[in-house]
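In what follows, a single structure is set out as structure tokens and then discussed.
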There are 2 protein chains.
Amino acid sequence: MKETDIQTEDKIFEAATRVFTEKGFDGARMHEIAGEAGINKALLHYYFRTKEKLFDAVFSKLAASLFEKFTPLFRPGMSLEEKIRFFYHEHISFLKQNPQLPSFILNELNRNPQRIKKIFEKADVDKIYNMLSQQHPKELAEINITRESMPQIMASIAAMSAFPFVAKGIIGEILQKQGKDFDSFIEERKEFAPEFILAALKNFGKSKKSKK
Amino acid sequence: MKETDIQTEDKIFEAATRVFTEKGFDGARMHEIAGEAGINKALLHYYFRTKEKLFDAVFSKLAASLFEKFTPLFRPGMSLEEKIRFFYHEHISFLKQNPQLPSFILNELNRNPQRIKKIFEKADVDKIYNMLSQQHPKELAEINITRESMPQIMASIAAMSAFPFVAKGIIGEILQKQGKDFDSFIEERKEFAPEFILAALKNFGKSKKSKK
DNA sequence: GTCTATAGAAGGATAGAC
DNA sequence: GTCTATCCTTCTATAGAC
């Protein structure tokens, strides 16, 4: 019966993923998850014991899948500019398939700061800066990216792709009045975001240098 | 007794504001709001009848206060560049005092799309574009802002100030490892955001034009 | 207007049969 | 492993005294 075990556990996990991402921890109901999975409430507890544990399993996996998408930025063999274009293309395509993901993750992370530490021994800006400056020493110097300015720049890069999804409600509504829709806005964004960031970085580097 | 009525109603409203912004609608508990207000659960219902109605009152006011901050962008007498600098300074200062506001508003807006329409008869990008192009015809042309590119640009401008607060959990954690803190990151951002956006707009306009 | 007490519903979790 | 039935707690909301 190992087969069915795994099948059921997976069904539960997928149902929980849907319900939790849509409603959040507080808004999700165990009986709704059971319904989505086509099984019974008691079985949820049989497999995952508590709501909290079920949530943790779902959250950890989703958080990992989200942040994993940043790794291409550190793969060698591409110029910085290529990496940025490639990153946005991949990242936004992924988010388009999972539009509630950024909201969900960022929110639960704000509510439960403890969760952060579990996942983020990795998220060390200094390491990221070291890797980038090894791979792109000239480019970073040219556009004036320093260890100091890294957090501001990284936050801005992430903002360009994640924010539209976090603000999907309003943006969708606004677009609708223009006779446009969210999906084509997002499609455009795959091009717009990297162009915008590259333009900013080029000019930003220049203005900083000329001041000195 | 009108005096005390208003005092109590205000106390409830303020307590509800704190609890709802911190925990969201689903996470908030009426008895916690009552406790925060220093009164009794029954009194909440006496003044606001239901949790839903109390939430609506709080939400409407907060959403209005948040989006109100965008109006300086349409006040005449400033160059576009000055407006952008001024906007970020004011907006980020405001958010620094109310760091959970963007998360709260955007989230509840995603969960309850009906709410949007109540508040946003105003949010019409075309109107905004018309106002801006009347006040800054040359400047807009120079940096190549068109009716078409408005949504992308507006989303990017909003992202630069709102996103750091939405992602406060992670960003704070990452900064901590560098021996920095979120507040000084935000303080820096008042300068960084406008410089970054202005740099992007300048260069973005150029690259688009030179392609044609 | 404000309180105590409580109704009534819903949620998470478990016991026990199959 | 899966189900039904049920316990226990918590939550929103109301009744009724003061």
Side-chain angles (χ1 to χ4, degrees), chain A residues 1-62 100 104 107-108 111-112 114-115, chain B residues 1-62 100 104 107-108 111-112 114-115:
Chain A
M1 304 288 122
K2 268 279 160 79
E3 282 289 320
T4 28
D5 287 23
I6 294 174
Q7 271 189 13
T8 305
E9 192 167 337
D10 282 355
K11 260 193 288 179
I12 293 173
F13 192 88
E14 281 161 28
T17 299
R18 281 196 295 279
V19 175
F20 277 132
T21 49
E22 196 185 327
K23 313 242 168 126
F25 179 82
D26 292 329
R29 295 292 165 249
M30 292 299 263
H31 82 151
E32 191 183 353
I33 295 174
E36 277 271 314
I39 53 132
N40 178 287
K41 264 202 309 177
L43 212 47
L44 293 183
H45 291 95
Y46 175 79
Y47 278 97
F48 291 91
R49 289 201 54 76
T50 69
K51 185 184 182 186
E52 191 85 32
K53 286 198 209 310
L54 176 53
F55 180 84
D56 275 350
V58 168
F59 181 82
S60 303
K61 186 172 174 202
L62 290 183
Q100 312 125 314
F104 171 67
N107 247 296
E108 300 293 347
R111 296 252 158 80
N112 256 311
Q114 315 93 291
R115 291 194 210 288
Chain B
M1 304 289 123
K2 270 276 160 81
E3 281 290 319
T4 29
D5 286 26
I6 294 174
Q7 272 190 14
T8 305
E9 192 167 338
D10 283 356
K11 259 192 289 180
I12 293 173
F13 193 88
E14 280 162 28
T17 299
R18 282 195 294 277
V19 176
F20 277 132
T21 50
E22 196 185 327
K23 314 245 169 122
F25 179 82
D26 291 329
R29 295 292 167 248
M30 293 298 263
H31 83 114
E32 190 183 353
I33 295 175
E36 278 271 315
I39 53 133
N40 178 286
K41 267 201 307 177
L43 212 46
L44 293 183
H45 291 95
Y46 174 78
Y47 278 98
F48 290 92
R49 287 201 55 76
T50 68
K51 184 184 181 184
E52 192 86 32
K53 287 198 207 308
L54 176 55
F55 179 83
D56 275 350
V58 168
F59 181 81
S60 303
K61 186 172 175 201
L62 289 183
Q100 312 126 314
F104 171 67
N107 249 296
E108 301 292 347
R111 296 251 159 81
N112 257 311
Q114 316 91 292
R115 292 194 209 287

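Per chain, numbering begins at 1; letters A, B, ... match sequence-line order.
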(request) Determine whether the aromatic ring centres of A/Phe59 and A/Phe20 lie less than 6.0 Å apart. (result) no
If we ignore hydrogens and angles and just use 3.5 Å, is the side chain of [X] paired with the main-chain N or O of [Y] as donor and acceptor?
| X | Y | result |
| --- | --- | --- |
| A/Arg29 | A/Ala34 | no |
| B/Lys51 | B/Phe25 | yes |
| B/Glu9 | B/Tyr47 | no |
| A/Arg18 | A/Ile33 | no |

Could you state the [atom1]-[atom2] distance from [X] to [N], rounded to the nearest angstrom?
| X | N | atom1 | atom2 | result |
| --- | --- | --- | --- | --- |
| B/Leu43 | C/dG1 | CG | P | 9 Å |
| A/Leu44 | D/dT4 | CG | P | 13 Å |
| A/Glu9 | D/dT2 | CD | P | 10 Å |
| B/Ile12 | C/dT2 | CD1 | C1' | 10 Å |

(request) Only counting residues at least two apart or in another chain, list the ones meeting salt bridge (Lys or Arg N to Asp or Glu O under 4.0 Å) with B/Glu32. (result) B/Lys23
Could you go over nucleotides 11-14 of chain C and give all protein N or O partners under 3.5 Å, atom names and distances?
unit_1, atom_1, unit_2, atom_2, d
C/dG11, OP1, A/Arg29, NE, 3.4
C/dG12, OP1, A/Lys51, NZ, 3.2
C/dG12, OP2, A/Met30, N, 3.0
C/dG12, N7, A/Lys41, NZ, 3.3
C/dA13, OP2, A/His45, NE2, 3.1
C/dA13, OP2, A/Lys51, N, 2.8
C/dA13, N6, A/Lys41, NZ, 3.2

